[in-house]
Structures are given as C-alpha cells and as structure tokens.
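Single-structure report; data block below.
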Amino acid sequence: MTPNKPVHFPLSAFPVVNNCLEVGGQPLTRLACRVGKTPFFAYDRALLTKRVRHLRENLPDGIHLHYAMKANPMPAVVQHMASLVDGLDVASSGEMQVALDTNTTPENISFAGPGKTESELSSAIAAGIVINLESEREMECASRIGLSLGYRPRVAVRVNPDFELKSSGMKMGGGPKQFGIDAERVPEILKRMAQLPLDFMGFHIFSGSQNLKAESIIEAQEKTIGLAIRLAQDAPSPVKLLNIGGGFGIPYFPGEEPLNISTIGERLADQLPKVKKALPEAQVVIELGRYLVGEAGIYVCRVIDRKISRGQVFLVTDGGLHHHLAASGNFGQVIRKNYPVAIGNRMHAEELETVSVVGPLCTPLDVLADKMEMAKGNVGDLVVVFQSGAYGKTASPAAFLSHPDAAEVLA
Ligand SMILES: *Cc1c(COP(=O)(O)O)cnc(C)c1O
C-alpha cells in the first residue's frame, strides 16, 4: 500500500470469531443458513441499542431523540427503535402506518415531506400526529380537513432556513428548495394560521444530511435555534416543539472519520438556556436516521462466480445495485468510492488480493467494490458490505432486472 493512501476507518462493531463475522451474537454463516437465502440485510439489535445509549450519553439531558424512519423502515427495526427513542418521524402514509403500530404516542410522531395529498393529510389528522407543514396549501388543506372531520390538526411549520448546513452530503435547506416554507415567508403564514382551527406545535428546521463535521453541525444548530426564536415572535401560541433537525453522518469511504458527538453535545448544552428563556415550553428534538441505524447493518451476498478478465479478478455475487444502490455509488455520489467490503467468512485472511465485487445485473454500474484489497474469495463465500443499515433495501431499485428481492433480518 502506498503511504498516505486513504483507508476505511476501522470497523469493530461486529466481532470476529473463528475468522467469521458475528451478527446478533451468531456466526454470519449460521445466520445465512437461518435466513435461508442470500442476499440479505442483517441488522444487529444490540448495536442499535448501544448506539442510542451512546447518543444519550453525549447529548444534553432533556433533548428528545426521534428516529427518522426513511433510513430503515423495516417494521421490526422500527419497533425496536421505538422502544429506545422518544419519537418517530415519518415521510409517507406507509411509514405512518408502521409508526402507529408501535407504542409511540401520536403526538410524538411527526410527518414531513413535500406534496402531502388530501388523503395523507386526512389520515395523519385522524391519527393525531404532528404534521410538518411544507406549504401554505398544506396549511389550508389541513384546516379544511380538520373542520370536516371534527379534529383539530396538530401542525408544525417546516422552515426552509436562510442558511445551509455546510459540508453536508445532501443539503435540504437554504436557497430555493422544495422542502419547507422559506423563513422570510413564515411570519405571514403564522399570522394566517392564527385565524385557522389548527393546533400550532412549533417548528421543524432540517437543513441537511450525512455530515461528518461537528463544527458545521454546531453552527447550523446555533443558527436554527436563533431562527426559531425569531420566528416564534409571530407564532399564534407558544412553541411546544422545536425540531432542530439532525444531519449526523457516518463514515463510509476511505479517509472519512466518525463524527465527534461529544463536542456537538457540549455546544448544544450551551445553547439550551437561551431556548429555555425564549421558548420555555419548547421540547427540543433532534431527528436522526442513518446515524442511529447505518452502522448496525450489513448487506450480505454470496459469491456465485470467480472470473479473471485480462488480469483483473472479479467476484460475481448474487447481490448488487438492485438491493444496495448506495454501495454501488449511484445514490448521490459524484465520484464512485468503495463502501467497506469484506469476505465475512474470511475476516483474518492469510491471502489478500485486489478484486472487484460485482452483481448479476447486465450493466457496468453494478459494482459493490472496485479493485479493493480483501481476502481471496471463492464461490460460496459471503461478501459483506458494512455501513448498510440505512438507505439500503428501500432506497434501491429492486425491480431493475427482475432478480429476487433481498431478505431482511433483525438479529
Ligand atoms: C431524510 C430525513 C432525515 C434523516 O436523515 P439522516 O441523514 O438519515 O439522518 C431526517 N429528517 C428529515 C426531514 C429527512 O427528510
């Protein structure tokens, strides 16, 4: 290896026993047998629990932690997360139904996302969950539906802030956006809301995702709190809910390092007295998806063929971009980089080689690892893609090429 070549941050969450990765306390080979087929996603229950504990230890007391379900909506995962966090954030009525099956109280479930239909709004209102309004239309519509159903809708205003979350993988606020209501228009919206039969809960300000720079997150949190305090001056009633977003990232690629959560926690603690003073009734919420579940999951597929083409080794597996678009580099990456990938039943390899791991799809985009160094793999071995607990199965085009679906297991 050339010196200074960036490498993957060492991953140690899943133990290795007798050369084999363990998930949920059992060898991967045995878990594969139990699942009965490959490929599959496996999520480790104990790691999910540990992650929430780690966050709670580092975030100030009194911060509510919400799980943003779109990162991983598997019902078993959502049930487990619901038992650990303070609320759930949904982004569709499908996710809402799964959330309502948990024992989370409706007022701790919020519904964000642009373009909510009448029928989605009416289910959400009937359920009593908090609707994060993304437009004036949604506000008027919620008010009308509330009147006709005879329930007073709980609403929060999703604000498109007048700043960005710097160094984010995906920016979802600042500038012109389809998300939320532009901060400068919020005062007039709030004035209109005062005339409508709506229960104003507060604000939702989510500015971005997949951020590994504590300083950028801290800066965004400070600006978010400042913005919310300013906007509250025009609110029809006291702010009860202040969702300051999340955006905590996890390391995927060579050279990336885990986020410094303790610094974020300390700086957020410094901000809380200001919130308490200006918005005494406000519950501060942080909503996280991938940070909670991403590192607790792996994607597992089996080597079907081993080929050498003009000197380059290819492991052809039964899994690929149709199950795991993000690992193939086609989900928001500009330059393709490798996720951490290993041969799960040969973790301490005697023999290493540089290989490309590909899937069975007839497209050159179907790559899980491009010329990566790993244990020498053979037909029947289990390839593992780490950091796959979030935006895996449900963020992938499963129908493309009509291969079978991936299974999922919470171990
Ligand atoms: C996608 C999304 C999240 C979760 O983002 P992560 O990067 O997975 O933490 C949270 N809130 C909203 C509004 C989202 O759209």
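Every number for a ligand or one of its atoms is a count from 1 in the order of the listing.
- In this structure, atom 7 (O) of ligand 1 lies nearest to the protein heavy atom S209 OG, 2.5 Å.
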Identify each donor-acceptor pair in which a side-chain atom of residues 394-411 lies under 3.5 Å from a protein atom, sequence neighbours left out, and give them as a table.
{"unit_1": "S396", "atom_1": "OG", "unit_2": "H323", "atom_2": "O", "d": "2.8"}
{"unit_1": "S396", "atom_1": "OG", "unit_2": "H324", "atom_2": "N", "d": "3.3"}
{"unit_1": "S396", "atom_1": "OG", "unit_2": "L325", "atom_2": "N", "d": "2.9"}
{"unit_1": "S396", "atom_1": "OG", "unit_2": "G392", "atom_2": "O", "d": "2.7"}
{"unit_1": "E408", "atom_1": "OE2", "unit_2": "Y43", "atom_2": "OH", "d": "2.7"}

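- For atom 9 (O) of ligand 1, the closest heavy atom belonging to the protein is G289 N, 2.9 Å.
- Close N/O approach between H204 and ligand 1 is not found [any backbone or side-chain N/O within under 3.5 Å].
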(request) For Q221 and Q271, run side-chain contact (heavy atoms from CB on, under 4.5 Å): C-alpha distance rounded to whole Å, both residues' side-chain angles, the deciding distance at 0.1 Å, then the answer. (result) CA-CA 9 Å; Q221 287 180 342; Q271 296 287 311; 5.9 Å; no
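- Atom 11 (N) of ligand 1 has its closest protein heavy atom at E287 OE2, 2.8 Å.
- No part of F248 comes within 4.0 Å of ligand 1, judged by heavy-atom distances.
- Nearest protein heavy-atom neighbour of atom 15 (O) of ligand 1: K70 NZ, 2.7 Å.
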(request) Please assess I286 against L55 for the test side-chain contact (heavy atoms from CB on, under 4.5 Å), listing each intermediate value before the final yes or no. (result) CA-CA 11 Å; I286 287 188; L55 262 174; over 6 Å; no
(message) Go through it in stages, so that I can follow the logic: the residues are V367 and S328, the test is side-chain contact (heavy atoms from CB on, under 4.5 Å), and I'd like the CA-CA distance, side-chain angles, deciding distance and then a yes or no.
(response) CA-CA 5 Å; V367 174; S328 77; 5.6 Å; no
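- Checked against a 3.5 angstrom limit, the closest N/O atoms of R158 and ligand 1 fall outside it.
- Between R267 and E215 there is a salt bridge, since a side-chain N of the basic residue sits under 4.0 Å from a carboxylate O of the acidic one.
- The closest non-hydrogen atom to atom 10 (C) of ligand 1, taken over F179, F206, Y67, F111, comes from F206.
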(request) In sequence, state the C-alpha distance, the side-chain angles, and the governing distance for Y339 and Y299, and then conclude on side-chain contact (heavy atoms from CB on, under 4.5 Å). (result) CA-CA 11 Å; Y339 267 49; Y299 174 61; over 6 Å; no
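- Atoms of ligand 1 found under 4.0 Å from any heavy atom of A68 (numbered from 1 in listed order, with element): 3 (C), 4 (C), 10 (C).
- More than 12 heavy atoms of other residues, nucleotides or ligands shown are found within 6.0 angstrom of CZ on R137.
- Residue Y391 places at least one N or O, backbone or side chain, under 3.5 Å from an N or O of ligand 1.
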